[in-house]
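First comes the structure, then the notes that go with it.
Just so it is clear, the model here is predicted, and its values are computed rather than measured.
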2 protein chains.
Amino acid sequence: MQRSERLAEIVEIVRDGRLHLARDIADALEVSVRTIYRDIDTLVASGVPIDGERGVGYMLREPVFLPPMALSFTELEALSLGMSIVQAAADTELQEAAKRVMDKVGQHASNRRQAPKSWGFGVYAFERAQEGFRHMPLIRRAIREGLKLKIDYCSLDERTSTRVIRPLQMEYWGRVWTCSAWCELRKDFRVFRIDKTAACEPTGERFQAEAGKTIEDYLKHVADQMDRDRTRS
Amino acid sequence: MQRSERLAEIVEIVRDGRLHLARDIADALEVSVRTIYRDIDTLVASGVPIDGERGVGYMLREPVFLPPMALSFTELEALSLGMSIVQAAADTELQEAAKRVMDKVGQHASNRRQAPKSWGFGVYAFERAQEGFRHMPLIRRAIREGLKLKIDYCSLDERTSTRVIRPLQMEYWGRVWTCSAWCELRKDFRVFRIDKTAACEPTGERFQAEAGKTIEDYLKHVADQMDRDRTRS
DNA sequence: ACTCAACTGACATATAATGTCAGTTGAGTT
DNA sequence: AACTCAACTGACATTATATGTCAGTTGAGT
């Protein structure tokens, strides 16, 4: 196995967020422990946020990907446009992430000429409804990590209810963000407008994918519903 | 200089779109020509679109960037969301580019577990107004390369006019795309709704950045106008 | 004082990259 | 048809880099 390949492998191994011993990694990749120490050095030097603690092991401070991609100009334009829109249409956390992505691309691009500052796009569309974005970082984390959420939801007919949900997916409708979830109160899938959600906090409980309550089930559910609608009309 | 560094350098050198001889590259990087041939092999093998022709030299088939980036999970989410929106809200060319970007990221990510197919986003917002997108690839190229365009424009009061413009920037307003340009007919900046543009073709002429007619001038112009509006009210 | 596992330095060994040289190939030119 | 150019290839010696082994040190915790 090539060194560069092995470096990528180490990132993949460590990426699960758990603790890893240099000896285990060495065994898995069939090299000596010394090599792993050297590799980790290399990775840290090139910015991968790996923390090592004596007597403990290695951990990733925050998850990373290292996509080794070659982007064409058109792909860069798509990237640039997408990041512009995200900066206009999502919560602060995603806005900042989008900016960082463009910085990383731009930084490298500006080594030489032919790197336009703007890629010819302006995005003005979106009212910056910061209020409506408030819960988005938490909901995203909950989707990622499978956390149950307790929300106070103010439905369209102005009634407020408190319920526990398993958030599955966020949807963007151009102006409004929603969250599709399994609702433990109604024992069914429900869609919540994020800007109509007053309180929102983790219950502390986690949920596992459970037959009939997963994102795949939800998507199929929606597809079936659309089929029925079409047949009726 | 490290091999990996040198590979990146070669891409940077070749990226100007002009012809390069292996010997020149070798001189610039202070290695032998043989090494350059081997490096080019490596690059081509990893997907960089370099064309070599015997007796001629090397050229890049299409421009590329190789951003050596480590993306955090949040940054990946921003990327994923942005690409989803672009796939819903832009012309076919950009849609496909956005898809390719996600494929490139996903391909590498899916080497191991914990690579969600969807990053928890759905984007349903945008009517797929394919008609309105028709001229976008051409306009983007015109902005990039500084091509004058001749357009048949149907303004909001239903009058059609033909004019030559210098396209400067495209704007996205959530549902509608516009193009800001220097209008050679009105000798001023004008904004055109792309979906209201009937015909659109290059005149064959190119334009250079010219004092008072550049994108920077336009942005300043818009900012001044907004200032005046605010003062008045 | 002891354990653990990250970390370091030194040095021999193995692997990979490079330079040199002597070709071949394909397209175009004279 | 002969010639030129520069990409390309293969072989082999040389050099540089990566790796393994070993013998430590360090810092945190028990």
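- Distances shorter than 4.0 Å separate none of the side-chain N or O atoms of B:Tyr37 from OP1 or OP2 on D:dC8.
- Here the C1' atom of nucleotide D:dC22 and the CZ atom of A:Arg34 are 11 Å apart, to the nearest Å.
- Rounded to an integer number of Å, the gap from CG of A:Leu7 to C1' of D:dT19 is 13 Å.
- Pairing partner, D:dT25: C:dA6, with both Watson-Crick or wobble hydrogen-bond distances short of 3.5 Å.
- Side-chain atoms of A:His135 do not come within 3.5 Å of backbone N or O of A:Asp195 as any donor-acceptor pair.
- Of the possible polar contacts, one joining the B:Asp217 side chain to the B:Gly212 backbone as a donor-acceptor pair under 3.5 Å is found.
- One donor-acceptor pair, N or O on each side, does fall under 3.5 Å between the base of C:dT25 and the side chain of B:Arg54.
- Straight-line distance from the CD atom of A:Glu5 to the P atom of C:dT15: 16 Å, rounded to whole Å.
- Comparing A:Ser32 and B:Ile40 along DNA chain D, the residue whose closest nucleotide (by nearest heavy atom) sits nearer the 5' end is B:Ile40.
- The separation between A:Arg38 atom CZ and D:dG20 atom P is 8 Å, rounded to whole Å.
- The separation between B:Gln2 atom CD and D:dA16 atom P is 13 Å, rounded to whole Å.
- OP1 or OP2 of C:dC7 has at least one side-chain nitrogen or oxygen of A:Tyr58 nearer than 4.0 Å.
- Ring pair B:Tyr172/B:Trp177 is tilted by interplanar angle, where 30° to 60° counts as tilted.
- What separates CZ of A:Arg6 from C1' of C:dT15 is a distance of 12 Å, to the nearest Å.
- Taking atom CE of residue A:Met1 and atom P of nucleotide C:dA14, one finds them 21 Å apart after rounding to whole Å.
- Among A:Lys150, A:Lys148, A:Arg163, the single residue meeting the side chain to side chain donor-acceptor pair (under 3.5 Å) criterion with A:Glu184 is A:Lys148.
- Taking a pair to require two hydrogen-bonding distances under 3.5 Å in either a Watson-Crick or a G-U wobble arrangement, C:dT18 pairs with D:dA13.
- Of the candidates D:dG20, C:dA5, D:dA7, the closest approach to any side-chain atom of A:Leu21 belongs to C:dA5.
- With a 6.0 Å radius and a threshold of 12 heavy atoms from other residues, nucleotides or ligands, A:Glu30 has its CD atom at or below the threshold.
- Contact annotation: A:Thr35 does not reach the phosphate of D:dT19 (side-chain N/O to OP1 or OP2, under 4.0 Å).
- Across the protein-nucleic acid pair, A:Asp39 atom CG and C:dC7 atom C1' stand 14 Å apart, rounded to whole Å.
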